[in-house]
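Please read all numbers here as calculations on a predicted model, not as lab measurements. To find a chain, count down the sequence lines: A is the first, B the second, and so on, and within it residues start at 1.
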2 protein chains.
Amino acid sequence: MATNTRDALIDAAARLLDTGGPVAVTLREVGRQAGVSRGAPYKHFADKEALLAAVAARELAALGTQLSEVTAPGGRHNDLRALMHRYVAWALAHPERFRLVFAAWSRPLEELGSAANSARARLVEATAAAQRSGQLPAADPERLSALLQALANGAVELALAGHLSPDGKGRASPDDLVDDLFGYLRAPAAGTQ
Amino acid sequence: MATNTRDALIDAAARLLDTGGPVAVTLREVGRQAGVSRGAPYKHFADKEALLAAVAARELAALGTQLSEVTAPGGRHNDLRALMHRYVAWALAHPERFRLVFAAWSRPLEELGSAANSARARLVEATAAAQRSGQLPAADPERLSALLQALANGAVELALAGHLSPDGKGRASPDDLVDDLFGYLRAPAAGTQ
DNA sequence: ACCTGAACACCGTTCAAGT
DNA sequence: ACCTGAACACCGTTCAAGT
C-alpha cells in the first residue's frame with residue numbers, strides 16, 4: 001500500500017495502535033511489518049514518540065477532511081450539531097486514534113502541532129458560523145468552541161471507560177450529551193423565538 | 001510508611017505513576033522500592049494492571065473524601081460549582097492519577113468498579129441537591145451530572161494536552177469552561193428570576 | 001502464606017558496518 | 001542516504017525452591 005518506507009512504517013504503526021494502543025506499537029514489530037530491520041525506523045523517526053506523532057498528525061488531517069464533508073454540501077448547510085455528532089462517531093469508532101491525538105507529549109512535535117492548530121481553526125470557524133445563523137448564543141467563538149469540544153471529548157472518554165452508554169440504550173450516550181448541551185445553549189440566545 | 005507489603009507496593013506504584021505515567025510503573029522497580037524481590041508483587045496482584053487498578057481505587061476514594069469536605073460544612077452549603085472546581089483542581093494537580101482513574105481497562109476490576117460507582121453516586125446526589133436549590137434546571141440528575149462531568153473531564157484533558165490554558169492567563173481555563181456551563185444552565189431554569 | 005532468584009521471551013535504542 | 005545485525009540495558013511474567 002505504501003510507496004516508501006516512511007509511509008509503510010506509519011501504516012504499520014496505525015494498524016498496531018488500533019489493536020492494542022501505544023503499548024502494542026513496538027518499533028520492532030513496525031519494522032517487521034514494513035519489511036525492514038529493527039534499526040531501520042530510526043532513520044525515519046527520532047524515536048517511538050515521533051512515529052506516534054506522525055500517526056496522530058495523519059489521522060487528524062484525515063478527520064479534518066471527513067468533517068469538512070459534513071459542512072461542505074451547498075456551503076450553507078452548516079449544522080454544527082451534525083459536525084459534532086460526526087466527530088463523536090469518529091472518536092467512538094477509533095478510540096486509540098482519538099486518545100493518541102489528545103495525548104500529552106513529552107515535547108513539542110512540529111507536524112502534529114500544526115495539524116492540531118488547523119483542526120482547531122476549523123472548529124472555531126464552524127462555531128462562529130453557527131453563531132451567525134443563530135444556532136448558538138453570542139460569545140467568544142474560541143471559548144464557546146472549547147466548551148463544545150471539551151464536552152464532546154469528555155463524553156467520549158466517559159463512554160470509552162464504560163461510565164456512559166456508547167449507543168444510548170438505557171443510559172445517556174455521548175450524542176445525547178451533545179444534544180443536551182446544544183439545547184441549553186439555544187435558550188439564552190436573544191431574539192430567536 | 002506502609003505497614004504491610006501490599007500497601008508498600010501500592011505506595012511505590014503511585015509514586016512512580018506521578019513521575020512518568022503507567023509506563024514508568026515497572027513491577028521490578030515497584031518491588032525494589034518496596035524492599036522485596038521482583039517476583040514478590042505477583043503474590044499480591046495478578047499483574048501490572050491489577051496493581052494500577054488498586055492505585056486508581058485508592059485515589060478515587062481519597063478524592064471522594066476531599067470532595068465531601070467541600071459540600072460538608074454546615075450540611076447545607078452545597079455549591080456544586082465549588083465542588084466541580086475542586087475536582088478540576090485535583091485533576092490538574094495529579095494528571096496521571098486523573099488519567100488512570102478514567103483509563104480503559106482490559107477487564108472489569110472489582111475494587112475499582114465499586115469505588116467508581118460510589119464516586120458517581122456522590123456526584124449525582126450533589127447534582128440533585130443543586131437542582132433542588134435552584135442552581136440547576138430540572139432534568140434527569142443522572143444525565144445532568146454526566147454532562148457536568150464530561151465537560152470537566154474534557155476541559156481538563158484539553159488543558160493537559162496544551163490545547164487550553166491551565167490557569168486562565170490569556171486563553172480559557174477548565175475552570176472558566178465550568179463557569180460558562182453553569183451560566184448557560186442557569187438561564188433555562190423557570191421561576192428563578 | 002510469603003518470598004527469592006533464575007529463566008524466558010520480549011522491549012527501545014545505539015552503533016559499527018555494509019550498499 | 002538508507003539499511004542490517006549485533007549489542008546493551010531494560011521489561012512482564014512464570015516457576016521451582018526455600019522459610
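- Applying the salt bridge (Lys or Arg N to Asp or Glu O under 4.0 Å) definition to pairs two or more places apart or across chains, those involving residues 52-66 of chain B are B/D11-B/R58, B/E59-B/R97.
- For B/D180, the side chain to side chain donor-acceptor pair (under 3.5 Å) partners two or more places apart in sequence, or in a different chain, are A/R143.
- Qualifying salt bridge (Lys or Arg N to Asp or Glu O under 4.0 Å) partners for A/E125, counting only residues two or more places apart in sequence or in other chains: A/R132.
- Among pairs with a residue in residues 102-149 of chain B, those fulfilling ring-ring contact (aromatic ring centres under 6.0 Å, His included) read A/H163-B/F102, B/F98-B/F102, at least two apart in sequence or across chains.
- B/N153 and B/Y87 form a side-chain donor-acceptor contact under 3.5 Å, judged by distance and modelled atom types alone.
- Closest approach of A/G31 and A/P41 over heavy atoms only: CA-CG, 4.3 Å.
- In the region residues 12-33 of chain A, proximity to DNA chain D at under 4.0 angstrom, judged on heavy atoms, holds for none of the residues.
- Within residues 42-55 of chain A, the residues that place at least one heavy atom under 4.0 Å from DNA chain C are, in residue-number order, A/Y42, A/D47, A/K48.
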A correct dot-bracket answer for DNA chain D, with pairs being Watson-Crick or G-U at under 3.5 Å, [ ] for crossing pairs and | for inter-strand pairs, is ||.|||||...|||||.||
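- Partners of A/R15 by side chain to side chain donor-acceptor pair (under 3.5 Å), not counting sequence neighbours, listed by chain and number: A/Q33.
- Looking at A/Q149 and A/R120, their side chains do bring a donor and an acceptor atom within 3.5 Å of each other.
- Protein chain A contacts DNA chain C over a range whose 5' and 3' limits, counting nucleotides with an atom under 4.0 angstrom from a non-hydrogen atom, are C/dC11 to C/dT14.
- Here salt bridge (Lys or Arg N to Asp or Glu O under 4.0 Å) pairs that include residues 32-43 of chain A, with residues two or more places apart or in two chains, are A/E29-A/R32.
- Checked against side chain to side chain donor-acceptor pair (under 3.5 Å), A/D47 has the following partners two or more places apart in sequence or in another chain: A/R107.
- Transitive grouping of hydrophobic side chains (ILVMFWY, heavy atoms separated by less than 4.5 Å) keeps A/V124 and B/L158 in distinct clusters.
- Residues meeting the side chain to side chain donor-acceptor pair (under 3.5 Å) test with B/D176, sequence neighbours left out: B/S173.
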